[in-house]
Colleague: 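Attaching a single structure in structure tokens format; questions to follow.
Being a predicted model, the structure only gives us computed values, none of them experimental. Each residue takes its place number in the sequence, starting with 1.
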Amino acid sequence: MTIKMKSIFKVSLLLSVSVALLFSCAPLDKDDYKLGEPVSESDLSFVSSPSAVTPNIIVLKNTSSAAGVALWDLGNGSTAKGDEVTVAYPFKGEYTVAMSLYTTGGSATISKVINIENDDYGLLDTPGFNALTGGADATEGKTWVFARYTRGHFGVGDINAAPEVNGPAWWQCDPNGKEGCSLYDNEYTFIQRGTKLIWKNQGYIYTNENGMNHLGIPGTPNPLVGDFDVPYTPADNLTFSLDEENMTLTLGGNAFLGFYTGVSVYHIIRLTEHELYVWCGSEAEPGNAWYFIFVPKDELKEPDPEPVIPPDPKPEPEAAWFRPNAETNLLRTTFDYEQWFSGADWGGGLEPGISIKNNITIVVPEGIGGSEWMGQFKIRTHIPAAARERFDFSCNIAATNPGTATVKMTADDDPQDDEFFYNGNVAVDGSTLFESADHMLNKDTESILLVFDFGRFPAGTVITLSDLCLQKHIPLSDKPEVVNLWPAAAVTTSQWFSGPDWAGGLTADVKMLEGNGFELTVPDGIGGSEWMGQFAIHTDIPLLASHEYELICTVTATNASQFTMKLTNDPEDDSKVCFYDNALNMKEGAVTIRKVAVKPASADAEAAMLIFDFGRTPAGTKIVVTDIVLQEYIQ
């Protein structure tokens with residue numbers, strides 16, 4: 001059951017109950033302000049005797065010849081007041097008990113050692129200890145893990161806004177939202193006998209950049225869920241303490257619950273046999289309150305997915321033909337914007353330089369915090385969208401420094417709704433074309449909101465947004481008739497795969513597909529760097545420097561990674577390169593790559609060569625490239 005009342009003991013491993021005489025302060029309450037007789041150690045005495053219940057419960061009684069107020073240091077980290085005090089010692093050992101007597105004439109202190117011969121774990125038979133450890137009879141203890149399938153099992157809120165009441169108001173992790181990082185590798189076993197803690201973490205803990213810097217151990221950025229995995233080995237012989245009166249759980253040996261914040265004391269919101277819900281402050285980020293939900297390891301179970309019944313079948317996403325300069329671009333009308341830029345304290349208040357003419361120019365201000373959502377620029381389009389109405393969005397993002405941008409399209413009246421799309425990792429190095437086609441909401445909105453975030457760019461970076469295009473979905477099939485040059489081309493292939501020694505010699509299993517595509521499996525031993533996994537398709541397609549071209553293909557993969565594409569005639573002659581992009585993102589599933597308005601840099605290319613590089617893709621990844629289109633580009 002949930003603990004809702006304070007224990008009869010203050011359980012801080014060492015428990016105490018004091019009983020003070022009601023009028024023990026009388027000597028200090030007289031109206032006679034003359035000092036009394038001085039008191040010395042010879043005037044003081046006290047006796048200790050075990051209770052009839054157990055020898056681990058000791059009754060202390062003041063037997064001094066002088067009258068005064070008795071204050072006790074119980075030798076277990078606790079104190080008490082009164083002429084008669086009862087104290088529980090669950091664990092064997094020697095405890096030095098000191099009594100200080102305060103009189104009108106001064107004070108004196110005496111002490112004696114009390115020997116407890118045996119442990120008495122029955123004194124820890126409380127709802128909290130039983131729920132946390134399984135009780136004294138559970139000699140192997142009870143193991144807890146993150147409730148990873150529960151929304152909000154990991155979250156953050158404002159420590160200054162009643163954290164126990166308001167909870168993780170700033171952010172709550174979705175179910176299994178940190179899959180792929182070390183957070184879920186943490187296990188905590190609490191053993192009542194000896195109040196032992198066993199922490200297993202597979203050698204890593206998870207934290208953000210501020211936590212990593214506070215810990216002082218360099219970590220590795222996690223490409224899947226963000227933040228950092230940091231190498232960390234828990235100490236041996238860890239202990240814990242549970243205070244059921246103040247509802248706190250303290251881990252010894254500087255241990256912490258999975259996500260490092262710099263503290264080891266956790267405030268308990270709920271503790272039952274089936275759930276441990278706590279929050280803690282942060283020395284790394286003093287304004288934050290972090291929240292964690294744990295469940296017993298043997299109760300962790302991935303729930304059966306709830307059936308999703310859409311209002312009507314959603315059409316399969318379809319590639320779009322983007323026309324920024326056409327009347328179909330709804331953003332040719334006026335729009336409003338707002339911005340919010342912040343330092344690392346999330347306090348906001350930074351002012352970027354913003355200029356809106358033909359393009360939108362944003363200068364990242366000094367003091368930028370360096371994290372996602374610390375550099376927000378929002379465009380309120382005033383363009384309504386009906387439920388399940390399909391839209392396309394594209395824009396060009398240019399930056400004077402490389403960095404990672406966020407692009408989001410959502411409803412202005414519900415900015416937390418990500419049903420349109422959300423892409424939090426758009427790599428920008430120079431100029432990047434962002435396209436996202438065929439998206440819809442399941443409800444009406446009066447205004448589509450476009451959100452950009454540049455919080456991860458260096459201060460002083462000049463960001464330019466151009467060719468913004470928001471349109472009702474225009475399928476690629478509605479594009480004016482052009483000829484795809486690829487299907488009629490004569491095609492040959494070559495490959496070069498290498499380990500980290502750049503010696504080559506690896507061979508990828510390649511199968512050419514009917515039509516215009518191929519299937520490839522990255523070989524074992526791949527080196528992990530760009531140009532270590534080259535696959536080239538040689539054609540007889542001429543490309544003229546006076547013409548512009550469009551290249552489209554679909555890439556399906558069994559693992560996520562970055563890869564490179566290059567369209568050229570001669571890999572060694574930059575004058576014939578049509579495009580080169582080494583920051584293309586492959587995901588587990590299918591992505592559509594589209595490059596528009598490309599052409600040879602300065603000289604005609606007699607025979608186009610399309611080069612893929614999968615050197616950074618994990619060994620064993622199966623890659624399928626289909627639907628290759630190479631045609632003249634029509635603006």
Colleague: Can you name the residues that form a salt bridge (Lys or Arg N to Asp or Glu O under 4.0 Å) with Glu285, not counting sequence neighbours?
Modeller: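 Partners of Glu285 under the salt bridge (Lys or Arg N to Asp or Glu O under 4.0 Å) test: none.
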Colleague: Thinking salt bridges, do Arg151 and Asp174 make one under a 4.0 Å N-O criterion?
Modeller: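 A salt bridge is present here (some side-chain N lies under 4.0 Å from a carboxylate O).
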Colleague: Using salt bridge (Lys or Arg N to Asp or Glu O under 4.0 Å) as the criterion, list what pairs up with Glu351, not counting sequence neighbours.
Modeller: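 Listed in chain order: nothing, the list is empty.
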Colleague: Between Asn288 and Val156, is there a donor-acceptor pair closer than 3.5 Å when you use the side chain of the first and the backbone of the second?
Modeller: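 Judged by distance alone, no pair lies under 3.5 Å.
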Colleague: Quick one: side chain to side chain contact (heavy atoms under 4.5 Å, CB included) partners of Thr143, sequence neighbours excluded?
Modeller: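 Per chain and number, Thr143 pairs via side chain to side chain contact (heavy atoms under 4.5 Å, CB included) with Glu187, Thr189, Lys297.
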Colleague: Under the side chain to side chain contact (heavy atoms under 4.5 Å, CB included) rule, collect the residues that match up with Ala557, sequence neighbours excluded.
Modeller: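 With sequence neighbours excluded, Ala557 shows a side chain to side chain contact (heavy atoms under 4.5 Å, CB included) to Met586, Thr621, Ile623, given in chain and number order.
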Colleague: Under a 4.5 Å cut-off applied to non-hydrogen side-chain atoms, are Arg456 and Asn425 in contact?
Modeller: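 Yes. Closest side-chain heavy atoms under 4.5 Å.
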Colleague: Taking salt bridge (Lys or Arg N to Asp or Glu O under 4.0 Å) as the test, write out the residues that go with Asp43, two or more places apart.
Modeller: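 In terms of salt bridge (Lys or Arg N to Asp or Glu O under 4.0 Å), with neighbours along the sequence ignored, Asp43 is linked to no residue.
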Colleague: Spell out, as yes or no, whether a donor-acceptor pair under 3.5 Å connects the side chain of Tyr188 to the backbone of Lys200.
Modeller: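 Checking the backbone N and O of Lys200 against the side chain of Tyr188, no donor-acceptor pair under 3.5 Å is found.
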Colleague: For Glu179, check salt bridge (Lys or Arg N to Asp or Glu O under 4.0 Å) against everything at least two apart and list the hits.
Modeller: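 Applying salt bridge (Lys or Arg N to Asp or Glu O under 4.0 Å) to Glu179 gives Arg148.
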Colleague: Report yes or no: do Asp243 and Asn246 form a side-chain donor-acceptor pair below 3.5 Å?
Modeller: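 Distance-only check passes for Asp243 and Asn246.
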Colleague: Could you verify whether a donor N or O on one side chain and an acceptor N or O on the other, from Ser100 and Thr109, lie under 3.5 Å apart?
Modeller: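 There is such a pair between these side chains.
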Colleague: Are Arg270 and Glu275 within salt-bridge range, i.e. N to O under 4.0 Å?
Modeller: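 Salt bridge present between Arg270 and Glu275.
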